[in-house]
Structure formats: C-alpha cells, structure tokens
Amino acid sequence: MEQGTPYYFKFIEAFPNVQALANAPQEQVLKLWQGLGYYSRARNLHITAQHITGEFKGEFPKTYKELLSLKGVGDYTASAIGSICFDLPTAVVDGNVYRILSRIYGISTPINSSAGIKEFKQLAQKLLDISQSGTFNQATMEFGARYCVPQNPDCLHCIFNKDCVAFLSNTVGELPVKIKKQKIKKRYFNYIVIVSADKKTILNQRTGKGIWQQLYEFPLVESASEISENQLINTDDYVSLSKIHGITELVLYNDVQVVHKLSHQHLYTKFWIGYSNNLNNNGIKISEVQDFAVPVLVSNFISSFPEFK
DNA sequence: AAAGCGGGGTG
DNA sequence: CACCCAGCTTT
C-alpha cells in the first residue's frame with residue numbers, strides 16, 4: 001500500500017477514466033509505472049483498458065467469468081473486484097488468507113502447490129458470508145495484514161486463539177507451508193553510457209522475453225562473469241557499439257559492481273562512460289533521458305551521474 | 001507443474 | 001541472509 005499509493009494517484013490524475021488510459025501511448029503508461037516493478041502489470045492494465053473501451057463498449061464487466069477474461073486478471077483479482085464492486089459471492093485467496101486459514105485450520109498443504117491452491121480456495125469459498133462478500137473478503141485480508149502477520153504475531157491477544165490449531169499446537173511459526181526453490185541466477189551487466197560532445201546519449205528499448213520488457217536502458221554488454229576493460233573492449237558487442245557511435249574514450253564509472261537484486265536474479269553491474277565526438281544524428285539529448293521509462297538500476301545511475309542531473 | 005517476473009521491507 | 005509481499009502469465 002505504501003509503495004503503490006503514490007502511483008495510484010499519479011495514474012488517476014493522468015488517466016481520469018478508462019478511455020484516457022486506453023488512448024495513452026504505452027510509453028506514458030510505463031513511465032508512470034517506473035520503479036514499481038512487475039512491468040507486465042502496467043502493460044496488461046493498458047491492454048485491458050483498451051478491451052473495455054472496445055469489446056466491452058466502455059462498460060466494465062461485472063461477471064466473474066468476464067472479469068477473469070481480462071488480461072492480468074486472475075482468480076484473486078476477479079474475485080476481489082467481483083465481491084467488492086458487484087457483490088458477487090467470490091472468495092479471495094491472497095497471501096493473507098493463505099496465512100490465516102493455514103494457521104486457524106492447521107493446514108500444512110503447501111500454499112503454492114496445485115493441491116494447496118485448490119484446497120484453500122474451496123475452504124475460503126465455504127467460509128464466505130455471501131450476504132456481505134466484499135466486506136468479508138476485505139476484513140479477512142485486513143486481519144491477516146494487521147494481526148495474523150507473517151512473523152511474531154500477537155497470538156496471546158488474538159480473538160481466534162481458542163480455536164486456532166496452529167496456536168494450540170505451537171506451530172504458528174511453521175505455517176503456512178510454502179514450497180521454495182527458485183535458485184537465483186547471477187548475471188553480469190556492462191552498461192555503455194555514451195556521452196557525446198553535443199550532450200547526447202544512446203538508449204535502447206528492451207524487447208523480447210525476460211526482465212524489463214519495453215523499458216529503456218543504455219547499450220548493454222552482458223558477460224558470463226565480471227570482465228575487465230580489456231576484456232570488454234574485445235567483445236563483439238562493444239566493438240560494434242564503438243564503431244557505430246565513435247567512442248574515443250572509455251572510463252569505468254563504478255569501481256565496485258552495483259548489485260541489483262531481483263527476486264530471481266542478481267545483476268552485477270558496471271557502468272562505463274563512453275565519450276564520443278559525434279553520434280552521427282543518432283541518440284537523444286541528455287536532457288531528455290528523464291522522459292524514458294527505465295528500470296530502477298538505470299534510474300539510480302542516472303540520479304548519481306553528474307552529467308545527467 | 002514449474003518458471004519467470006521487481007522492488008522494497010523486516011528481523 | 002532468509003523471508004515476505006492485496007498474483008498472473010507463459011512454458
């Protein structure tokens with residue numbers, strides 16, 4: 001909530017209605033989302049706005065099935081919108097609900113297994129008070145967020161402690177059960193920050209699969225491990241870049257690699273400043289760099305680099 | 001069923 | 001460092 005609220009207000013101001021969002025360029029949507037992460041959500045939100053103004057003729061769908069058909073809307077979101085906005089009898093199961101139910105009922109089925117997802121959804125659906133679905137759902141989630149918290153919950157004062165299987169069996173700390181693996185991949189990024197005599201630079205848009213789709217970054221040379229300047233300037237990617245943009249001098253900006261941690265990747269990053277006399281009509285003005293949507297890793301660099309301030 | 005996708009916070 | 005988060009889509 002803390003992290004998302006300012007973004008919410010920026011969005012509402014920029015896009016007061018669904019038509020405004022649908023008609024906006026993707027670049028603007030991503031720029032407003034910059035720093036939030038999970039950028040596919042921004043793209044899906046944008047696509048969904050277009051579906052609603054198009055196929056749904058501007059009328060927001062109000063059945064579970066239709067909600068579920070929207071890009072980026074899965075069981076949780078469809079159930080939440082359905083119950084809160086349209087009084088549909090659909091139970092939400094988010095992280096809070098998993099935690100509360102697994103503890104009170106003493107359920108050790110992993111919450112991120114197929115069996116667990118099904119079991120918890122069924123239980124939540126059975127418990128749902130359909131005379132006030134939205135309120136019930138929000139209250140359940142809020143109780144989990146405020147009281148049945150992940151670590152060191154105050155069970156001694158909890159209203160459920162007479163019935164909570166986990167509390168009575170002293171297993172609160174072990175529930176919910178989650179299957180975890182997700183090994184973290186290490187990657188080595190070398191960003192070539194080109195600075196030309198007429199104060200221009202180069203940004204590329206990330207396309208295809210992987211992280212940060214559609215966001216911008218400096219020309220990237222990725223390597224299998226940390227590399228020295230000598231190794232860098234002998235890579236095909238750098239040779240090509242240097243030729244195209246006329247790099248005359250290369251200076252390492254950060255002696256110690258910046259480690260940018262995503263949930264599933266650690267990015268060991270060096271920023272190299274490549275000075276050029278002439279970008280041959282390529283590139284963008286340095287003063288315009290701030291208009292592009294960039295990942296936090298790149299944004300942090302830009303904020304720290306005097307030439308770009 | 002598993003993998004991939006961000007960034008920030010807590011203890 | 002381990003774990004958590006108002007999940008969903010793709011493979």
Side-chain angles (χ1 to χ4, degrees), chain A residues 1-8 30 33-48 67-85 90-103 109-118 120-121 124 134-154 172-187 189 206-215 217 258-267 269 293-300 303:
Chain A
M1 288 300 292
E2 196 103 355
Q3 192 186 2
T5 302
Y7 286 86
Y8 169 78
L30 287 173
W33 198 275
Q34 175 178 313
L36 246 191
Y38 284 131
Y39 298 97
S40 65
R41 291 175 173 176
R43 301 194 309 269
N44 286 336
L45 190 64
H46 191 208
I47 291 168
T48 285
L67 289 167
L68 201 55
S69 77
L70 301 173
K71 258 301 201 192
V73 175
D75 178 72
Y76 165 75
T77 311
S79 299
I81 295 173
S83 63
I84 295 169
C85 304
T90 47
V92 299
V93 185
D94 73 339
N96 296 301
V97 177
Y98 280 124
R99 198 164 53 246
I100 293 170
L101 296 185
S102 68
R103 286 174 176 170
T109 314
I111 60 172
N112 55 346
S113 65
S114 297
I117 292 167
K118 187 190 283 185
F120 283 99
K121 174 76 182 183
T135 301
F136 181 94
N137 280 334
Q138 293 190 74
T140 310
M141 294 188 284
E142 198 67 11
F143 185 81
R146 291 175 183 266
Y147 216 92
C148 193
V149 292
Q151 293 164 53
N152 306 314
D154 183 12
V172 171
E174 293 152 45
L175 292 171
V177 174
K178 190 181 288 187
I179 307 167
K180 53 158 179 294
K181 30 182 186 320
Q182 177 163 189
K183 48 185 167 224
I184 293 174
K185 186 172 155 192
K186 293 184 181 179
R187 301 176 70 180
F189 280 12
R206 290 184 70 94
T207 56
K209 303 189 182 310
I211 60 174
W212 303 335
Q213 283 174 43
Q214 311 303 126
L215 269 61
E217 63 185 1
V258 174
V259 186
H260 186 75
K261 296 181 176 181
L262 309 182
S263 55
H264 56 304
Q265 297 181 15
H266 286 183
L267 311 176
T269 309
V294 299
V296 166
L297 172 63
V298 174
S299 175
N300 286 344
S303 309

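In what follows, chains are A, B, ... by sequence order, proteins preceding strands, each numbered from 1.
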* Structure fact -> Heavy-atom nearest nucleotide on DNA chain C taken for Gly72(A) and for Met141(A); more 5' hit belongs to Met141(A)

* Checking Ser79(A) side chain against Thr90(A) main chain: does a donor-acceptor pair fall under 3.5 Å? -> no

* Measure from CZ on Arg146(A) to C1' on dA6(C) and round the result to the nearest Å. => 13 Å

* Go along nucleotides 2-8 of chain B 5' to 3' and tag each nucleotide: B for a protein heavy atom under 4.0 Å from its base, S when only backbone or sugar atoms are that close, - otherwise. => -SSBBSS

* Determine the Euclidean distance between corresponding P atoms of dG11(B) and dA6(C); express it in Å to zero decimal places. => 14 Å

* With Glu142(A) via salt bridge (charged side-chain N to carboxylate O under 4.0 Å, His left out) - residues at least two apart -> Arg146(A)

* Spacing of Leu67(A) atom CG relative to dG7(C) atom P, expressed in whole Å -> 17 Å

* To do: Could you tell me the separation between the CZ atom of Phe143(A) and the P atom of dA6(C), rounded to a whole number of Å?
  => 15 Å

* Structure fact -> Residues of residues 92-102 of chain A with a heavy atom under 4.0 Å from any atom of DNA chain C, listed by number, are Asp94(A), Gly95(A), Asn96(A), Arg99(A)

* Asked: Taking atom C1' of dC8(C) as reference, at what distance in whole Å does atom NZ of Lys71(A) sit?
  -> 10 Å

* Asked: Across the strands shown, which category fits Leu70(A) at heavy-atom distances under 4.0 angstrom: base, sugar-phosphate, nothing?
  -> sugar-phosphate

* For Thr269(A), what residues pass the side chain to side chain contact (heavy atoms under 4.5 Å, CB included) criterion, not counting sequence neighbours? -> Phe189(A), Tyr191(A), Val258(A), Leu267(A), Phe271(A), Leu297(A)

* To do: Using salt bridge (charged side-chain N to carboxylate O under 4.0 Å, His left out) as the criterion, list what pairs up with Lys121(A), not counting sequence neighbours.
  => Asp75(A)

* Asked: With sequence neighbours excluded, what pairs up with Arg41(A) under the salt bridge (charged side-chain N to carboxylate O under 4.0 Å, His left out) test?
  -> none

* Do Arg187(A) and Ile211(A) come close enough that some side-chain heavy atom pair is under 4.5 Å? -> yes

* Structure fact -> Whole-Å distance, Glu2(A) CD to dA6(C) C1', equals 14 Å

* With Arg99(A) via salt bridge (charged side-chain N to carboxylate O under 4.0 Å, His left out) - residues at least two apart -> none

* Asked: Starting at the 5' end of DNA chain B and moving along, which residue's nearest nucleotide shows up first, Ala115(A) or Asn152(A)?
  -> Ala115(A)

* Structure fact -> Tyr147(A) meets the side chain to side chain contact (heavy atoms under 4.5 Å, CB included) criterion, sequence neighbours left out, with Phe143(A), Asp154(A), His157(A), Cys158(A)

* Give one of base, sugar-phosphate or nothing for Thr77(A), where a contact means two heavy atoms less than 4.0 Å apart. => sugar-phosphate

* Asked: Ala91(A): what forms a side chain to side chain contact (heavy atoms under 4.5 Å, CB included) with it, not counting sequence neighbours?
  -> Ala124(A), Gln125(A), Leu128(A), Asn137(A)

* To do: Can you tell me, in whole Å, how much space there is between the P of dT11(C) and that of dG6(B)?
  => 15 Å

